[in-house]
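Below is one structure, written out as structure tokens, with a few remarks after it.
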Amino acid sequence: MAERLLEVTDLSTQFFTYAGVVKAVNGVSFTLDRDETLGIVGESGSGKTVTAMSVMRLIPDPPGRIVGGTIVHKGRDLLALSKEEMSDIRGNDIAMIFQDPMTSLNPVFKIGDQIAEVIRRHQGKSKRESWKMAVDLLAKVGIPDPEERVNQYPFEYSGGMRQRAMIAMAISCNPDILVADEPTTALDVTIQAQIMDVIRAMQEQYHTGVIMITHDLGVVAQMADKVMVMYGGRTLEDGPVDEVYYNPHNPYTWGLLGSLPRLDETEKQRLTPIEGQPPNLLLLPAGCPFSGRCPYEMPVCAGEFPALEMVGPGHGVHCWIPVAQREKIRAGLPQFLQRAAS
């Protein structure tokens, strides 16, 4: 049985602003085992990044605050740790690749200094040892001429190389968990594929648990073992990636899959956008956050959030539509929804 690395239960994170309370994450639960990849998908504003930042305890206070739930890493509740104890966890046990490496890397320090600092902080290596490890790490993530590149500054790196440097920094202490927040944003498709290969290779080498946050359902289909679909700060559907892709039960999941481009379709099939806009997190409905945009909405949807319903092995969904009716609706949807993961 795989080692359980992370267990998040009923996590709620809110931001207290002058305009009101922003419920960014509202009762989210998930687990992560060693060697496992969890994909978290959803539109912008769904709560994906705030969930990851909550796990890292990087929510700025004020205005943000984790108001409920537990975050347990290998039997240790991270919410009960002091700031100093949590600082020892970050980078050493749980590392994060941030969405924009240019704003995450310090522009006035050499790349090698920034990687070596993490190694000295968490592993107690000497300056010479940590510098040599920084060179080796740059080589591992595929940066050419690492002995020379280690002396360069972030502005001298291309976008793809900066992202590789962030990965090198993240894996420098062999963390148990690697959180990748949109690691391929703003990169061309060739570089995206290379970055995914680097992350996959690092996971195989260090047996890391990976949390992959992305808008790209294609990346999730290729990289993840299980997927969590978020919307309006809540989980609407989650389970093994093949189970969710082949047998989606929530209308929002149908919408995401319907907007996924298909290159192998013989028939002409237009993408089907999800009509409307994501909800205002200051004015969330009491019920399902997708109410108001859902084409199959019923009166009960806006009044109360549906309980978790298991529809397959490890496959859970929150939806008021009866199972038989969902099956009937899905039978009339475009055929490519039935083979999204193929």
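- Between Pro289 and Phe305, the closest side-chain pair of non-hydrogen atoms falls below 4.5 Å.
- To the nearest 0.5 Å, atoms CD1 (Ile59) and CE (Met53) are separated by 6.0 Å.
- In the model, His215 has a side-chain atom that pairs as donor or acceptor with a side-chain atom of Ser44 under 3.5 Å.
- Using a 4.5 Å cut-off between side-chain heavy atoms of Ile, Leu, Val, Met, Phe, Trp and Tyr, with links allowed through other members, Met56 and Leu5 fall into the same hydrophobic cluster.
- Residues Asp176 and Lys74 are paired through a salt bridge, judged by an N-O separation under 4.0 Å between the basic side chain and the carboxylate.
- A single hydrophobic cluster is seen to contain both Met196 and Ile177, as judged by linkage of ILVMFWY side chains at heavy-atom distances under 4.5 Å, directly or through other members.
- Using a distance-only test at 3.5 Å, with no hydrogens or angles considered, a donor-acceptor pair links the side chain of Gln114 to the main chain of Asn106.
- For Phe16, the CZ atom sits in a packed shell: over 12 heavy atoms of surrounding residues, nucleotides or ligands are nearer than 6.0 Å.
- Distance check, rounded to the nearest 0.5 Å: CZ of Arg76 to CG of Asp93 gives 8.0 Å.
- Residues Lys226 and Glu36 are paired through a salt bridge, judged by an N-O separation under 4.0 Å between the basic side chain and the carboxylate.
- Between Thr208 and Met202, every side-chain heavy-atom pair lies at or beyond the 4.5 Å cut-off.
- Taking each heavy atom of Asn250 and Cys319 in turn, the nearest pair found is ND2-CB, 4.0 Å.
- Under the 3.5 Å distance criterion, the side-chain polar atoms of Glu85 are matched with a main-chain donor or acceptor of Ser82.
- Panel note: side chain Trp320, backbone Glu297; no donor-acceptor pair is recorded below 3.5 Å.
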>> For Ser12 and Asn26: C-alpha separation, side-chain torsions, deciding distance, then whether side-chain contact (heavy atoms from CB on, under 4.5 Å) applies.
In response: CA-CA 4 Å; Ser12 294; Asn26 196 359; 4.0 Å; yes

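- Shown here for Ile199 and Met212, the closest heavy-atom pair between the two residues is CD1-CE, 4.2 Å.
- At a threshold of 4.5 Å between non-hydrogen side-chain atoms, the residues Ile274 and Leu256 count as touching.
- The side-chain heavy atoms of Ile115 and Trp131, taken from C-beta on, include no pair separated by under 4.5 Å.
- Using a distance-only test at 3.5 Å, with no hydrogens or angles considered, a donor-acceptor pair links the side chain of Arg34 to the main chain of His207.
- In summary, Glu309 and Arg326 engage in a salt bridge, as defined by a charged side-chain N under 4.0 Å from a carboxylate O.
- Within a 6.0 Å sphere centred on CD of Glu117, other residues, nucleotides and ligands contribute 12 heavy atoms or fewer.
- Judged by distance alone, the side chains of His315 and Glu237 do bring a donor and an acceptor atom under 3.5 Å apart.
- Under the 4.5 Å side-chain heavy-atom criterion for grouping Ile, Leu, Val, Met, Phe, Trp and Tyr, Val72 is not connected to Leu11 through any hydrophobic cluster.
- Shortest non-hydrogen contact noted between Ser172 and Gln123 is O-NE2, 3.3 Å.
- Ring geometry for Tyr231 against Tyr252 counts as tilted: the plane angle lies between 30° and 60°, on a 0 to 90° scale.
- When atom types are taken as modelled, the side chain of Arg90 and the backbone of Leu58 share no donor-acceptor pair closer than 3.5 angstrom.
- Taking a cutoff of 4.0 Å between a charged side-chain nitrogen and a carboxylate oxygen, Asp197 and Arg200 qualify as a salt bridge.
- Annotation: the span from Leu105 atom CG to Gln163 atom CD amounts to 9.0 Å, rounded to 0.5 Å.
- With rounding to the nearest 0.5 angstrom, the CG atom of Leu81 is 10.0 Å from the CD1 atom of Ile71.
- Residues Asp33 and Glu3 fail the side-chain proximity criterion, which asks for heavy atoms closer than 4.5 Å.
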>> Test side-chain contact (heavy atoms from CB on, under 4.5 Å) on Val244 and Asp238; report intermediate values, then the result.
In response: CA-CA 7 Å; Val244 174; Asp238 69 316; 5.9 Å; no

> Between Tyr296 and Trp254, is a ring pair (Phe, Tyr, Trp, His ring centres under 6.0 Å) present by the stated rule, with each step listed?
Replying inline: CA-CA 12 Å; Tyr296 314 104; Trp254 301 341; 5.7 Å; yes

Quiz: residues 154-161 side-chain donor-acceptor pairs under 3.5 angstrom, not counting sequence neighbours:
residue : atom : partner : partner atom : Å
Glu156  : OE1  : Tyr153  : N            : 2.9
Tyr157  : OH   : Arg149  : O            : 2.7
Ser158  : OG   : Met161  : N            : 3.4

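- A salt bridge links Glu327 and Arg330; the closest N-O separation between the charged side-chain nitrogens and carboxylate oxygens is under 4.0 Å.
- Note on Leu308: it does not cluster hydrophobically with Leu38, by side-chain heavy-atom contacts below 4.5 Å among ILVMFWY residues.
- Taking hydrophobic clusters as Ile, Leu, Val, Met, Phe, Trp and Tyr residues chained together by side-chain heavy-atom distances below 4.5 Å, Val227 does not share a cluster with Val311.
- Checked by atom type, the side-chain pair Glu129/Ser126 shows a donor-acceptor distance below 3.5 Å.
- A donor and an acceptor atom, one from each side chain of Thr9 and Ser29, are nowhere located under 3.5 Å apart.
- At a threshold of 4.5 Å between non-hydrogen side-chain atoms, the residues Val8 and Thr31 do not count as touching.
- A side chain to side chain contact (heavy atoms under 4.5 Å, CB included) with Ile211 is found for one member of Thr51, Val179, Thr37, Ile94 and no other, namely Val179.
- Atoms CD1 and OG, from Ile40 and Ser46 in turn, are 11.0 Å apart once rounded to the nearest 0.5 Å.
- For the pair Val241/Asp225, no side-chain contact is recorded, criterion being any heavy-atom separation below 4.5 Å from C-beta on.
- Although no hydrogens or angles enter the test, the distance criterion places a donor-acceptor pair under 3.5 Å between the side chain of Thr17 and the main chain of Ala19.
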> Does the side-chain contact (heavy atoms from CB on, under 4.5 Å) test come out yes or no for Tyr245 and Leu217, once each step is laid out?
Replying inline: CA-CA 9 Å; Tyr245 272 48; Leu217 290 164; 3.3 Å; yes

Under 3.5 Å, side-chain donor or acceptor atoms of residues 132-147 against the rest of the protein: list the pairs with distances, not counting sequence neighbours.
residue : atom : partner : partner atom : Å
Lys132  : NZ   : Asp136  : OD2          : 3.4
Lys140  : NZ   : Tyr206  : OH           : 2.9

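- Taken to the nearest 0.5 Å, the CG atom of Leu284 stands 7.0 Å off from the NZ atom of Lys23.
- Distance alone, capped at 3.5 Å, is enough to place a donor-acceptor pair between the His318 side chain and the Pro306 backbone.
- Contact detail for Ile213 and Ala52: the closest heavy-atom pair is CD1-CB, 3.4 Å.
- The heavy-atom pair separating Arg121 from Ser87 by the smallest distance is NH2-OG, 3.2 Å.
- Between Thr13 and Ser54 the shortest heavy-atom distance is OG1-OG, 2.8 Å.
- With salt bridges taken as basic N to acidic carboxylate O contacts below 4.0 Å, none links Asp181 and Lys48.
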> Does the pair Arg293 and Glu43 meet the rule for a salt bridge (charged side-chain N to carboxylate O under 4.0 Å, His left out), with working shown?
Replying inline: CA-CA 13 Å; Arg293 296 180 76 189; Glu43 294 172 275; 2.9 Å; yes

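- Met169 places none of its side-chain heavy atoms less than 4.5 Å from the side chain of Ile97.
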>> I'd like to know whether Asp61 forms a side-chain contact (heavy atoms from CB on, under 4.5 Å) with Phe15, so could you lay out the CA-CA distance, the side-chain angles of the two residues, the decisive distance to 0.1 Å, and finally the verdict.
In response: CA-CA 9 Å; Asp61 183 8; Phe15 293 86; over 6 Å; no

